[in-house]
2 protein chains.
Amino acid sequence: MPHYHAIVDNQMQSPTWKDPVTAADRVLLEIQRAIVEGQIAPGSKISEPELAKRYDLSRAPLREALARLERCHLIERIPNAGARVVKLSVAGLVSLYQLRETLEGLACRLAAEHMTDAEIAQVQQLLDQHLSTQRVREGESYYQEAGDVDFHYRVILGSKNPYLINLLCDELYFIVRMYRVQLGMNGPRVSRAFDEHKAIINAIANRDGELADLLMRRHIGASRRNIETHFKQPHFKQPHFK
Amino acid sequence: MPHYHAIVDNQMQSPTWKDPVTAADRVLLEIQRAIVEGQIAPGSKISEPELAKRYDLSRAPLREALARLERCHLIERIPNAGARVVKLSVAGLVSLYQLRETLEGLACRLAAEHMTDAEIAQVQQLLDQHLSTQRVREGESYYQEAGDVDFHYRVILGSKNPYLINLLCDELYFIVRMYRVQLGMNGPRVSRAFDEHKAIINAIANRDGELADLLMRRHIGASRRNIETHFKQPHFKQPHFK
DNA sequence: CGCAAATATTTCGCATACAAAAATATTTTA
DNA sequence: TAAAATATTTTTGTATGCGAAATATTTGCG
């Protein structure tokens with residue numbers, strides 16, 4: 001089993017994601033998964049007593065978890081009223097990806113400046129590794145997403161900017177993933193994404209931050225348009241307003 | 001009393017900052033102020049029991065407030081260990097302003113695209129207003145900061161991007177302000193800032209997002225260098241490591 | 001006297017309990 | 001019958017209490 005299997009599963013053991021120690025940590029991960037995968041429907045109300053019972057803990061740690069869910073934009077809270085799971089929308093997707101393009105572009109520029117040669121080489125061999133395993137297990141989109149996440153993750157860490165890392169890996173990661181998962185972003189764009197990744201890391205290896213920035217923004221822009229087209233298509237059941 | 005006096009004082013009544021309704025909201029504002037102004041020293045430990053007693057409430061709403069303080073990067077929490085006020089550093093300042101440059105640059109590009117003519121005109125007359133009152137009350141740096149905050153705030157809102165607005169106005173605003181306040185960023189750079197603001201809003205008025213982006217990044221870059229020089233100077237007492 | 005182990009104390013995390021506000025259901029009235 | 005007003009129930013916000021983990025202190029030993 002390739003090691004990046006674990007990346008999406010047990011939450012990417014790494015500088016940023018420390019393993020859950022408290023009960024609030026654990027329930028946070030569970031609810032995050034449930035929301036991202038749509039098991040808790042977008043727009044649905046979050047009942048504290050119900051979830052507390054459902055996950056078998058008191059409301060105290062649950063509320064801690066809710067605070068962090070709000071932080072990563074998976075729920076919206078209104079004082080004295082309660083929390084609701086966010087609804088997905090084209091406008092939201094565009095806003096989110098505008099931000100992502102800019103931020104990951106910045107990450108590239110900084111990575112070109114701050115990554116060591118060793119780190120860069122590591123990412124390059126990682127890409128080759130992904131490519132080979134992807135060829136072996138053709139069609140398994142799961143691996144593609146893991147590989148994609150892994151690549152972006154490395155570049156972001158390479159920026160060495162704590163604010164940027166926290167933002168992309170902790171605050172925006174899950175809502176981005178929610179869009180991808182709920183709109184069924186499996187399948188295509190696989191080999192093309194690999195090529196784009198390669199071009200980006202090469203630019204970084206050449207210490208060409210400007211180019212890496214440009215390529216990354218283009219890469220993410222393509223990804224956005226790819227998701228955008230899925231909104232009006234059979235894959236996605238439009239939110240039933242209520 | 002000019003209306004923007006109230007902006008820094010009672011927390012900028014606006015789309016983003018809803019007035020405190022719960023007890024946690026109120027204590028959050030108080031502690032935010034205390035940290036930003038250095039009344040609670042950088043690096044010092046946050047004792048929940050102590051603060052609960054100090055602000056006369058139970059630990060429940062206090063912990064809610066602490067969660068949000070962590071969200072805006074004013075404290076750092078370690079599970080089972082507690083929270084500490086962040087320490088200021090040159091590296092932190094640089095990382096923060098790298099992010100700010102990029103984000104507010106993006107805000108400018110989007111503002112040039114999405115702001116209505118009316119909104120733009122409003123900002124322009126706001127600048128004139130600031131300029132006149134600034135001339136009257138020469139040297140009062142307080143007004144300058146309020147005016148600066150006000151300008152940036154308008155442009156950010158003008159982007160119409162909810163993620164970007166939340167990020168800059170809620171999550172990064174206070175830590176940016178902490179650097180400025182604790183390094184004694186009163187004084188100079190006043191008239192120059194006004195000119196730069198004017199140039200930016202004019203670019204937006206001309207729907208020249210690229211130029212507005214560039215000017216804003218330059219504007220913030222200048223601000224960063226201005227603060228950076230203060231780190232090694234008498235104004236700031238270097239953190240006493242401990 | 002210095003350092004390490006053991007104890008004591010503080011502090012955090014979580015559960016329970018209560019109060020206030022919202023939401024819902026019910027009754028009353030036009 | 002429909003709308004307004006009131007009552008009931010649910011849910012959120014806050015307070016208190018207890019157990020576990022971490023920190024501080026003391027004790028014992030080299």
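Order of the sequence lines fixes the chain letters, A, B, ..., with proteins taken first and strands second; residue numbering starts at 1 for each chain. All heavy atoms count here, side chains included; hydrogens, waters and symmetry mates do not.
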(message) For D:dA15 and B:S58 - does any side-chain N or O of the residue sit under 4.0 Å from the phosphate oxygens OP1/OP2?
(response) yes
(message) Applying salt bridge (charged side-chain N to carboxylate O under 4.0 Å, His left out), can you list everything that pairs with B:R224, at least two apart in sequence or on another chain?
(response) B:E101, B:E228
(message) I'd like to check the side-chain contact (heavy atoms from CB on, under 4.5 Å) partners of A:A34; sequence neighbours left out, ordered by chain and number.
(response) A:Q39, A:I40, A:Y55
(message) Between B:E119 and B:K160 (salt bridge meaning N to carboxylate O under 4.0 Å), is one present in this structure?
(response) yes
(request) May I have the distance from B:E64 (atom CD) to D:dG13 (atom C1'), rounded to whole angstrom? (result) 9 Å
(message) Tell me every residue that passes ring pair (Phe, Tyr, Trp, His ring centres under 6.0 Å) with A:Y163, counting only those two or more places apart in sequence or in another chain.
(response) B:H73
(request) Please name all residues satisfying side-chain contact (heavy atoms from CB on, under 4.5 Å) with A:A24, sequence neighbours left out, ordered by chain then number. (result) A:T22, A:P61, A:E64, A:R68
(request) Could you pull out all residues at least two apart from A:P49 that satisfy side-chain contact (heavy atoms from CB on, under 4.5 Å)? (result) A:S47
(request) Find the distance B:R26:CZ to D:dG13:C1' and express it as a whole number of Å. (result) 11 Å
(request) Can you check each nucleotide of nucleotides 7-13 of chain C against protein heavy atoms at under 4.0 Å and return B for base, S for sugar-phosphate only, - for none, in 5' to 3' order? (result) -----BB
(message) Using the side-chain contact (heavy atoms from CB on, under 4.5 Å) criterion, which residues pair with A:C72? Sequence neighbours excluded.
(response) A:Q32, A:L74, A:F174
(request) Would you jot down, in residue-number order, the residues of residues 65-72 of chain B having a non-hydrogen atom under 4.0 Å from DNA chain C? (result) none
(request) Mind calculating the distance between CZ (B:R84) and P (D:dA22) to the nearest angstrom? (result) 16 Å
(message) For residues 83-121 of chain A, which residue pairs pass the ring-ring contact (aromatic ring centres under 6.0 Å, His included) check, not counting sequence neighbours?
(response) none
(request) Could you tell me the separation between the CG atom of B:D25 and the C1' atom of C:dA20, rounded to a whole number of Å? (result) 15 Å
